Amino acid sequence: MRLKKIRIMLNIKTIENNRDYVVSRLTVKGFDAAGIVDEIIETEGTRRKKQIELEALFAEQNRVAKDAGARIGILKKEGKHEEAETVKQNAAEESAKFKTKSEELETEVACLEKQVYDRLILLPNLPHESVPAGKSAENNLVVKESGTIPELNSGQPHWELAAKYGLIDFEAGNKLTGAGFPVYTGKGAKLQRALISMFLDHNIEKGYTEVQPPLMINADSGFGTGQLPDKEGQMYHVVADDFYLIPTAEVPVTNLYRNVIVAESGLPVKLTAYTPCFRREAGSYGKDVRGLNRLHQFDKVEIVQITRPELSYGALDGMVAHVEELVRKLELPYRILRLCGGDISFHSALTYDFEVYSAAQARWLEVSSVSNFESFQANRLKLRYKTAQKKTEILHTLNGSSLALPRIVAALLENNQTDRGIIMPEALVPYTGFDIIS
RNA sequence: GGAGAAAUGGCCGAGUGGUCGAAGGCGCGCGCCUGGAAAGUGCGUAUACUCCAAAAGAGUAUCAAGGGUUCGAAUCCCUUUUUCUCCGCCA
């Protein structure tokens, strides 16, 4: 007998038991869920009823087959083949009574199941209570601002500085691939490597284990962390083998724990990974894509944590503090935002963004995004843990950038430019091997 | 890329159409034995979902994944994936 397992994406139970709460929370994200939620609850109710009926039919069929099987086994051993044949035919007849009905029900259940599933994946994660209301980035809440914004007399933007000092060749990237794929050269290349090493060391020091994951993932992984199906167009798709280029290390690293039941003693899981990230960024334009501001390929060091549900917000605070420390080491003026409902991502419950000030462009640039996904990803991933009492419980996943390189480089170049050249922050010098770019 | 072999529970490993959700062993848990331990010995040891107020109990599904044949599939057939051996290619 075959019955497809229901793929629990989100907790249907949560939706059923807290219908109004779910709907009202999702309005914070500007999402009108009432219709979908009601459909889910209704369809799921029907599905469950049919499912119970179906299982009862299967039980009958199994009973018939098992009884017959037991008798046939004995008869055959005794060499009574004719009697065995009779038992066989009786079983076939008896079973036929249930067959038609169960096949019909089976189709029906599969259909209902798909209906529920199709609607379930449309629902974003519920935002945390502290997520401010608001439609766009303007409504994000600045929770902290720190550092001094340098006063430049004749500040050049980073793309000019990059050309002046021979750090980045955007033209060459255009030739090799296309816009958004820069070529780093000389001290520019070394600076990349230095930042990556510094960031990784900082994370390792704080108990994160370094991982080097694949840069391509399959569809299951894309689904597990929520890139699929709703963000399909943002990933590069390798058609010949049906792989996707990772948009962030979060995807392969978190998916290490897809379909895993972790022992409670193994928690929290803390991983860090450096990878290039590939994003199609369809629909971007203007000053947002100038220079390093928005690229199709960029470098990022990521941190991922997996914790027990009751500890996830403590872990989120810890990660924010951790990233803040790193930004301070770079001596960049920064601010921390709590994203409002309209700006927070589909799968996040609470997100803090870090922005550094880019002096020559006179604007804030996002360099890190630290989020708690609560059980949203874990549900998709089927990521759970065993309690000391041997109960299986869902986990929470979190991740953050620590840090994304391009805009850090942009800010470093712009903010630290002097007549003599670009001064490196002290903490970075052991990694670059030079203290000034001139 | 070609040819062959294989995939079984936490691990090892038996099982080629029927009393099989799966022998046996290891590991693990709880007892007994012991002054204590080891050895020995007894019992128990997968996951998900559902029914039930809950417990007890029961049902369904799962032997790489998906599909098929059959009254009945770990076992037969098809597809896919992965692993091993040989050949080819290669950093």
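Here is the naming used below: chain letters follow the sequence lines, and residue numbers restart at 1 for every chain. Values in this document were obtained by computation on a predicted structure and should not be read as measured data. Both backbone and side-chain heavy atoms feed into the values below; hydrogens, waters and symmetry mates do not.
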Are the charged groups of [X] and [Y] less than 4.0 angstrom apart, N to O?
X: A:Lys206; Y: A:Glu325; result: yes
X: A:Asp67; Y: A:Arg63; result: yes
X: A:Arg48; Y: A:Glu16; result: yes

Looking only at atom [atom1], what distance separates [N] and [M], rounded to whole Å?
N: B:rU85; M: B:rU70; atom1: P; result: 40 Å
N: B:rC63; M: B:rA73; atom1: C1'; result: 11 Å
N: B:rG9; M: B:rC78; atom1: P; result: 24 Å
N: B:rG88; M: B:rU45; atom1: C1'; result: 49 Å
N: B:rU80; M: B:rA6; atom1: C1'; result: 16 Å
N: B:rC32; M: B:rU16; atom1: C1'; result: 42 Å
N: B:rU62; M: B:rU82; atom1: P; result: 24 Å
N: B:rC28; M: B:rC87; atom1: P; result: 42 Å

**Request:** Kindly say if A:Asn62 contacts the phosphate of B:rU60, meaning a side-chain N or O under 4.0 Å from OP1 or OP2.
**Result:**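 It does, given that an N or O in the side chain of A:Asn62 lies less than 4.0 Å from OP1 or OP2 of B:rU60.
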Whole angstrom value for the distance that separates [atom2] of [N] from [atom1] of [X]:
X: A:Leu381; N: B:rU47; atom1: CG; atom2: C1'; answer: 17 Å
X: A:Arg48; N: B:rG59; atom1: CZ; atom2: P; answer: 21 Å
X: A:Gln89; N: B:rU70; atom1: CD; atom2: C1'; answer: 14 Å
X: A:Lys50; N: B:rC51; atom1: NZ; atom2: P; answer: 16 Å
X: A:Ile52; N: B:rC52; atom1: CD1; atom2: P; answer: 7 Å
X: A:Glu60; N: B:rU60; atom1: CD; atom2: P; answer: 9 Å
X: A:Asn379; N: B:rA48; atom1: CG; atom2: C1'; answer: 13 Å
X: A:Leu105; N: B:rA61; atom1: CG; atom2: P; answer: 14 Å

Considering only heavy atoms from C-beta outward, does the side chain of A:Phe199 approach that of A:Leu326 to under 4.5 Å? yes
| field | Within residues 299-323 of chain A or reaching into it, pairs that qualify as ring pair (Phe, Tyr, Trp, His ring centres under 6.0 Å) - sequence neighbours excluded | value |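 Residue pairs with at least one partner in residues 299-323 of chain A: A:His128-A:Tyr313, A:His202-A:His322, A:Tyr208-A:His322.
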Residues 12-53 of chain A vs ring pair (Phe, Tyr, Trp, His ring centres under 6.0 Å), sequence neighbours excluded, gives none
Please enumerate all protein N or O atoms sitting under 3.5 Å from an N or O of nucleotides 14-23 of chain B, with distances to 0.1 Å.
residue: B:rG18; atom: O2'; partner: A:Gly69; partner atom: O; Å: 2.6
residue: B:rG18; atom: N2; partner: A:Ala65; partner atom: O; Å: 3.2
residue: B:rG21; atom: OP1; partner: A:Lys66; partner atom: NZ; Å: 3.3

request  = Let me know which of A:Val367, A:Leu413, A:Asp299, A:Leu191 forms a side chain to side chain contact (heavy atoms under 4.5 Å, CB included) with A:Ile408.
outcome  =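 Option passing the side chain to side chain contact (heavy atoms under 4.5 Å, CB included) with A:Ile408: A:Val367.
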Shortest non-hydrogen contact from A:Leu295 toward A:Gly180 =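 The pair with the smallest heavy-atom distance is CB-O, 3.6 Å.
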| Nearest heavy-atom pair of A:Ala410 and A:Leu292: which atoms, and what distance? |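 Looks like N-CD1, 4.0 Å.
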Sorted by chain and residue number, the ring pair (Phe, Tyr, Trp, His ring centres under 6.0 Å) partners of A:Tyr274 (sequence neighbours excluded) come out as none
In chain order, what residues pass the ring pair (Phe, Tyr, Trp, His ring centres under 6.0 Å) check against A:Tyr244, with sequence neighbours excluded?
->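 Ring pair (Phe, Tyr, Trp, His ring centres under 6.0 Å) check on A:Tyr244 returns A:His237.
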* To do: Please list residues of residues 254-261 of chain A whose heavy atoms come under 4.0 Å from any atom in RNA chain B, ordered by number; otherwise none.
  =>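 Contacting residues: none.
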Strictly under 3.5 Å: I want the nitrogen or oxygen pairs between protein and nucleotides 89-91 of chain B, one per line.
none

Quiz item: Can you pull the salt bridge (charged side-chain N to carboxylate O under 4.0 Å, His left out) pairs that have at least one residue in residues 189-200 of chain A, sequence neighbours excluded?
Solution: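 Every candidate salt bridge (charged side-chain N to carboxylate O under 4.0 Å, His left out) pair involving residues 189-200 of chain A fails, so no pair, neighbours aside, qualifies.
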Could you name each residue pair satisfying salt bridge (charged side-chain N to carboxylate O under 4.0 Å, His left out) that touches residues 114-125 of chain A, not counting sequence neighbours?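 Residue pairs passing salt bridge (charged side-chain N to carboxylate O under 4.0 Å, His left out), neighbours aside: A:Glu39-A:Arg119, A:Lys114-A:Asp118.
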Residues 337-352 of chain A vs side chain to side chain donor-acceptor pair (under 3.5 Å), sequence neighbours excluded, gives A:Asn140-A:Asp343, A:Arg338-A:Tyr352, A:Ser348-A:Thr351, A:Thr351-A:Ser371
Side chain to side chain donor-acceptor pair (under 3.5 Å) pairs touching residues 421-432 of chain A, sequence neighbours excluded, are A:Asp201-A:Tyr431
Counting only Watson-Crick and G-U wobble pairs with both atom distances below 3.5 Å, the stems of 3 or more consecutive pairs that include RNA chain B are B:1-7 with B:81-87, B:10-12 with B:24-26, B:27-32 with B:40-45, B:46-51 with B:57-62, B:64-68 with B:76-80
*asked:* Using a heavy-atom cut-off of 4.0 Å across all strands, would you classify A:Arg384 as base, sugar-phosphate, or nothing?
replied: sugar-phosphate
